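Computed from a predicted model, the values in this text were never measured in an experiment. When a ligand or atom number is given, it counts from 1 through the structure's own listing order. What you see below is based on every heavy atom in this structure, not just the backbone, and it leaves out hydrogens, waters and symmetry mates.
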Amino acid sequence: MKNRIGIVGAPITIAQPNYGVDLGPNAIRYAGLHKRLDGLNVNFKDYGNIDIENVGTNEKDSKTNLKNLKEVVNGNQKIADEIKVIKSRGDFPLILGGDHSIAIGTISGLYNHYKDLGVIWFDAHADLNTGETSPSGNIHGMSLAASLGEGHKDLTSINGEGPKVRPEHTVIIGARSIDEGEREFIKERGIQVYTMRDIEKLGMDTVMKEAIDYLSNRVDGVHLSLDVDGIDPLHTPGTGTPVVGGPSYRETFHAMSALYDSQILTSVEVVEVNPLLDNKNKTAEVAADMIAAVFGEKYI
Ligand SMILES: NC(=[NH2+])NCCC[C@H](N)C(=O)O
Ligand SMILES: [Mn+2]
Ligand SMILES: [Mn+2]
């Protein structure tokens, strides 16, 4: 890693219903993030947390089927602005969430810095819903769709209208809870998805090799969006929408190490750590382990 890592906390919580995901950034810091990065001899600067006003309700808007649209857009606009500042300093952005809606802001902020940005979406979910297809109205389940230009105009217009990433530059890994509308989205738009079945059949090593190969021929930057619910909830119980049957700690650590070895990544975000749902900060500790792996920590 040549660049300095620019760390920022993005504590949006109102794109999902559980209190506490705004505490995620500090929980990951308390889990020893800075020490781990020091141990890797990487240069980093922590810019603290973005000031997010998390005032919302749990009501769906009757027209849009979205909860807290205006507030989620405002928070994500702030995130996009901060990402632009971090990028203009030449830093490698490391964003600590916050619910997964923050990807709308980070990807919008990254948009102008690349001709073709690739995205690796490590998640139990696809986050490809829109107001029309969402079973919940929770915008954290719509952030990949919004980044691909689908969904409410206010969500797709941060830093300019329209798609910020192309479907053929998007790889989802670890999916095992996909809604009906999301399934159609994936088929229609040709998104590369490695479900748990694929991981079981191919093994994580092959999945990562394929994903890295696939993207490196097509893009000039890769953003890793790591939703901790992608990992099996045995290891990451402190998250709002856990789904059993995910990749183990070992497989995930291996996936992160493969990404480090490939040197393909140009930004990383880790989302959905919720210390109020956790057991002695275990989930944030796993998040810190995975961040360490993605920045080069090895067993020997
Ligand atoms: N980022 C997440 N944890 N998303 C969970 C989404 C769950 C469900 N698919 C929904 O749209 O409501
Ligand atoms: Mn998820
Ligand atoms: Mn997600």
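- Salt-bridge annotation for R36 and E297: present, with a side-chain N of the basic residue lying under 4.0 Å from a carboxylate O of the acidic one.
- For ligand 1, one of its N or O atoms has an N or O atom of H140 under 3.5 Å away.
- Taking every heavy atom of D227 and a limit of under 4.0 angstrom, the matching atoms of ligand 1 come to 1 (N), 2 (C), 3 (N).
- The Mn ion (ligand 3) has no N, O or S atom of H125 under 2.8 Å away, backbone or side chain.
- Shortest contact from atom 8 (C) of ligand 1 to any protein heavy atom: D179 OD2, 3.6 Å.
- For the pair OD2 of D227 and OD2 of D127, the angle at the Mn ion (ligand 3) is about 180°; rounding is to 10 degrees.
- We find that K209 and D205 are joined by a salt bridge, their nearest charged nitrogen and carboxylate oxygen being less than 4.0 Å apart.
- You'll find the ring centres of H223 and W121 outside the 6.0 Å limit.
- Nearest protein neighbour of atom 12 (O) of ligand 1, counting heavy atoms only, is S136 OG, 2.5 Å.
- D123 contributes atom OD1 as its closest N/O/S atom to the Mn ion (ligand 2).
- With a 4.0 Å cut-off on non-hydrogen atoms, T239 does not touch ligand 1 at all.
- Side-chain contact check for I139 versus L69: some heavy-atom pair is nearer than 4.5 Å.
- Ranking protein heavy atoms by distance to atom 4 (N) of ligand 1, first place goes to D127 OD1, 2.9 Å.
- For a threshold of 3.5 Å applied to N or O pairs, the pair formed by T241 and ligand 1 contains at least one separation below that value.
- The single protein non-hydrogen atom nearest to atom 11 (O) of ligand 1 is N129 ND2, 3.0 Å, given as residue, atom name and distance.
- Under the 30°/60° scheme for interplanar angles, the aromatic rings of F295 and F92 are found to stand perpendicular.
- With respect to D91 and R4, a salt bridge is recorded, a charged nitrogen being found less than 4.0 Å from a carboxylate O.
- Contact check on D123 versus R176 returns no salt bridge, with no Lys/Arg side-chain nitrogen under 4.0 Å from an Asp/Glu carboxylate oxygen.
- At a heavy-atom distance under 4.0 Å, only side-chain atoms of E272, from C-beta outward, approach ligand 1.
- Which parts of ligand 1 touch H100 is read off a 4.0 Å heavy-atom cut-off, strictly below it: atoms 1 (N).
- Salt bridge annotation for E168-R189: absent, with no cationic side-chain nitrogen under 4.0 angstrom from a carboxylate oxygen.
- At a heavy-atom cutoff of 4.0 Å, ligand 1 is contacted by no atom of V271, backbone or side chain.
- For the pair N217 (side chain) and D213 (backbone), a donor-acceptor distance under 3.5 Å is present.
- Contacts with ligand 1 closer than 4.0 Å are made by side-chain heavy atoms of H125 only, the backbone lying farther away.
- Between T239 and E272, the side chains place no donor N or O within less than 3.5 Å of an acceptor N or O (distance only, hydrogens not considered).
- Heavy atoms of D99 found under 4.0 angstrom from ligand 1: none, in either backbone or side chain.
- Checked against the Mn ion (ligand 3), the N, O or S atom of H100 at the shortest distance is ND1.
- Ion pairing between E161 and K153 holds under the 4.0 Å rule for side-chain N and carboxylate O.
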